[in-house]
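First comes the structure, then the notes that go with it.
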2 protein chains.
Amino acid sequence: MKDAKNETITDSEWEVMRAIWTMGQTTSRELIDAMNQLQGWSDSTTKTLLHRLINKGAVAQSGTSRPFVFKPIVGEKESMAAAATDLFDHMCAMRAGSTIAGVIKTRELSQADIAELQAILTEKAKTAPEQVQCNCLPGHHMCEEVEEHGQ
Amino acid sequence: MKDAKNETITDSEWEVMRAIWTMGQTTSRELIDAMNQLQGWSDSTTKTLLHRLINKGAVAQSGTSRPFVFKPIVGEKESMAAAATDLFDHMCAMRAGSTIAGVIKTRELSQADIAELQAILTEKAKTAPEQVQCNCLPGHHMCEEVEEHGQ
DNA sequence: CCTTTAAATTTACATCTGTCACCTTTCAAC
DNA sequence: GTTGAAAGGTGACAGATGTAAATTTAAAGG
């Protein structure tokens, strides 16, 4: 599965992708109805988004006769990972930990998820540093306190 | 500290915020130079962004005589949390776990971060469900496989 | 074949974003 | 006071986004 790092998927396009990913494959009518339900979008809106997604290479159109079939080209897992990476890449490295903590606290996770995370953490603990450096500003600035970042 | 949920902070504005958060407080000159270093932006660009941030209520201008001082109004922690929440809110709940796993694998975390995460997980395990339901489409659709979501 | 009608494609357009150049006000030194 | 360099503020503009109307095309029934 290709990932979606190259061409950016926007917020509303993302909603469409979610539907497509979940449906696995769909006809434009099905998709339009779903989007109308979920977002209250007009037919046109969904069509436009679908086309943009096709142009971006995120969705494929297949079939020869009219009710074409659309299916995802980029993977959901890959796209989600890319989105998450993108987010954290723009945040202070020093605070990634507590941000992740916040996410974990507020999301629903399955027993399996938790087990996996714990395994990863245990492994990571073996080589984790005592402190993560702030990567917000070049040299001359180095964050001191975790609580109040700068100042 | 107020959070930044109301007024959205865009990508480039975020870069400015990072600098301001780290510096704690700054004069426009300092900020402009920093942004020029980090992003290669022209003076104007930083000024514009700084102003937009002020209008959005994310940064405060203080002082009476000319070299004014700017400082953050919205907190870094809060803003990061909001951004993360925002991201995960748009993703399939069923896949949040593995996405978090991916993030943890690729980020640098301190021993303390890891310990905190483990504590949270242990606590969470007590009440975690066996399976998390997909929340992408209304009723009629329910994801079966974790590996290949729909289809 | 012709018509109807769903599907597909184009065009539209207001806003938001990223980036700036340029104009205006001050402070500070003559 | 006058002036010139900073600091501060405005206007601009191309491209991205969200949202949708209008137009074209083709499948299906008569």
Side-chain angles (χ1 to χ4, degrees), chain A residues 4-20 23 25-71 79 83 86-87 89-90, chain B residues 4-20 23 25-71 83 86-87 90:
Chain A
K5 205 169 294 171
N6 335 317
E7 293 285 358
T8 309
I9 291 177
T10 73
D11 282 349
S12 48
E13 284 167 356
W14 188 272
E15 292 306 325
V16 175
M17 286 310 294
R18 270 181 85 175
I20 298 181
M23 302 197 269
Q25 82 169 48
T26 177
T27 146
S28 77
R29 176 48 41 199
E30 266 188 309
L31 187 65
I32 287 173
D33 291 342
M35 287 306 117
N36 179 270
Q37 287 273 302
L38 284 109
Q39 318 281 327
W41 287 342
S42 80
D43 293 22
S44 303
T45 300
T46 301
K47 287 184 197 171
T48 299
L49 258 10
L50 180 57
H51 276 205
R52 287 184 182 167
L53 251 2
I54 290 175
N55 289 331
K56 290 185 178 179
V59 171
Q61 188 185 59
S62 57
T64 45
S65 74
R66 226 51 188 310
F68 296 141
V69 170
F70 301 87
K71 55 184 66 169
S79 297
D86 211 62
L87 178 72
D89 276 352
H90 289 296
Chain B
K5 206 169 293 170
N6 334 318
E7 294 284 358
T8 310
I9 290 177
T10 73
D11 282 350
S12 46
E13 284 167 356
W14 188 272
E15 292 305 326
V16 175
M17 286 309 294
R18 269 181 84 175
I20 298 181
M23 303 197 268
Q25 83 170 45
T26 176
T27 146
S28 77
R29 175 48 41 198
E30 267 188 310
L31 188 65
I32 287 173
D33 290 342
M35 287 305 117
N36 179 269
Q37 288 272 303
L38 283 110
Q39 318 280 327
W41 286 342
S42 80
D43 293 21
S44 305
T45 301
T46 302
K47 288 183 197 170
T48 299
L49 258 9
L50 181 56
H51 276 204
R52 286 185 183 167
L53 251 2
I54 290 175
N55 289 331
K56 290 183 178 179
V59 171
Q61 187 185 61
S62 58
T64 45
S65 74
R66 223 56 190 304
F68 296 142
V69 170
F70 301 87
K71 54 184 68 170
D86 211 64
L87 177 72
H90 290 296

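Since the model is a prediction, treat every value here as computed from it, not as a measurement. To find a chain, count down the sequence lines: A is the first, B the second, and so on, and within it residues start at 1.
- In this structure, the side chains of Thr8(A) and Glu13(A) stay at 4.5 Å or more apart for every pair of heavy atoms.
- The NE2-C1' distance, from His51(B) to dC20(C), rounds to 15 Å in whole Å.
- A straight line from NZ of Lys47(A) to C1' of dT11(C) spans 13 Å, rounded to a whole angstrom.
- You'll find that the side chain of Asp11(A) is closest to dG18(D), out of dG18(D), dT19(D), dT17(D).
- Rounded to a whole Å, the CZ atom of Arg29(B) is 9 Å from the P atom of dG8(D).
- Among the atoms of the strands shown, only primed sugar atoms or phosphate atoms (P, OP1, OP2) are found under 4.0 Å from some heavy atom of Gln61(B).
- Nearest nucleotide to the Thr10(A) side chain, out of dC27(C), dA8(C), dT17(D): dT17(D).
- Between the side chain of Ser28(A) and the base of dA7(C), no donor-acceptor pair under 3.5 Å is found.
- Leu49(B) has its CG atom 10 Å from the P atom of dC20(C), to the nearest Å.
- Note that CG of Leu50(A) is 11.5 Å distant from CZ of Phe68(A), once rounded to the nearest 0.5 Å.
- Relative to the side chain of Ser65(B), the nucleotides dT19(C), dT11(C), dC27(C) differ in distance, and dC27(C) lies closest.
- Protein atom CG of Asp43(A) is 19 Å distant from nucleotide atom P of dT24(D), rounded to whole Å.
- For the pair Phe68(B) CZ and dA6(D) P, the computed distance is 18 Å after rounding to whole Å.
- No engagement by Thr27(A) is indicated, since no non-hydrogen atom pair under 4.0 Å with the nucleic acid exists.
- Residue contacts shown for Thr45(B) include a base, since a base heavy atom lies under 4.0 Å away.
- The heavy-atom pair separating Trp14(A) from Ile9(A) by the smallest distance is N-CG2, 3.6 Å.
- Among the protein residues, Arg52(A) comes within range of the nucleic acid bases, having at least one heavy atom under 4.0 Å from a base atom.
- In this structure the side chain of Lys56(B) reaches within 4.5 angstrom of the side chain of Thr10(B), judged on heavy atoms.
- The side chain of Ser42(B) lies closest to dC20(C), out of dC20(C), dT17(D), dA20(D).
- Distance CG (Leu31(A)) to P (dA6(C)): 18 Å, rounded to an integer number of Å.
- Taking only distance into account, the side chain of Ser44(B) meets the base of dA21(C) through a donor-acceptor pair shorter than 3.5 Å.
- For the residue pair Ser42(B) / Thr45(B), a side-chain donor-acceptor distance below 3.5 Å is found, with atom types taken as modelled.
- Each of Trp41(A) and Thr64(A) lies near DNA chain D, and the nucleotide nearest Trp41(A) is the one positioned closer to the 5' end.
- One interatomic measurement links the two molecules: CG of Leu53(A) to P of dT17(D), which rounds to 12 Å at whole-angstrom precision.
- Projected onto DNA chain D by closest heavy-atom contact, Pro67(A) and Val69(B) fall at different nucleotides, the more 5' of which corresponds to Val69(B).
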